[in-house]
Amino acid sequence: MPITQWQGNKARYIGLRKNLFDLRRMAVVHNLHVLARMSETHAGAISHLTTPQSA
């Protein structure tokens, strides 16, 4: 889902810094949603990445 579907096509704030911050904030939220979706669908496939391996 593109960020424009969440945020819209218009800037929310006046000023480049505030709008850039808002865009980056939305990108972080989007990435968290993607990671959550990945962990739900591939829970068994990525479990070996989070469990410690014995030597």
Side-chain angles (χ1 to χ4, degrees):
M1 173 184 300
I3 291 177
T4 55
Q5 287 183 350
W6 287 357
Q7 198 169 18
N9 292 331
K10 294 185 178 182
R12 292 176 181 235
Y13 306 104
I14 296 174
L16 180 63
R17 287 184 68 192
K18 289 181 181 180
N19 282 302
L20 185 59
F21 177 79
D22 192 46
L23 175 67
R24 289 178 177 162
R25 180 185 59 84
M26 288 301 297
V28 168
V29 170
H30 173 71
N31 288 337
L32 290 173
H33 278 267
V34 169
L35 286 173
R37 202 173 332 124
M38 281 176 50
S39 68
E40 289 174 0
T41 58
H42 304 295
I46 62 172
S47 64
H48 69 280
L49 298 174
T50 59
T51 57
Q53 301 291 328
S54 60

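We use all heavy atoms of the structure for the numbers below, so side chains are in, but hydrogens, waters and symmetry mates are not.
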Distance in Å, Leu35 CG paired with Glu40 CD, rounded so as to fall on 0.5 Å steps: 11.5 Å

Residues that, via side-chain heavy atoms closer than 4.5 angstrom, fall in one hydrophobic cluster with Val28: Leu32

Spatial distance of atom CG (Asn31) from atom CE (Met38) [nearest 0.5 Å]: 10.5 Å

Heavy-atom donor-acceptor pair, Asp22 side chain to Lys18 backbone, under 3.5 Å: no

Approximate separation, where rounding is to 0.5 Å, of Met26 CE and His33 NE2: 8.0 Å

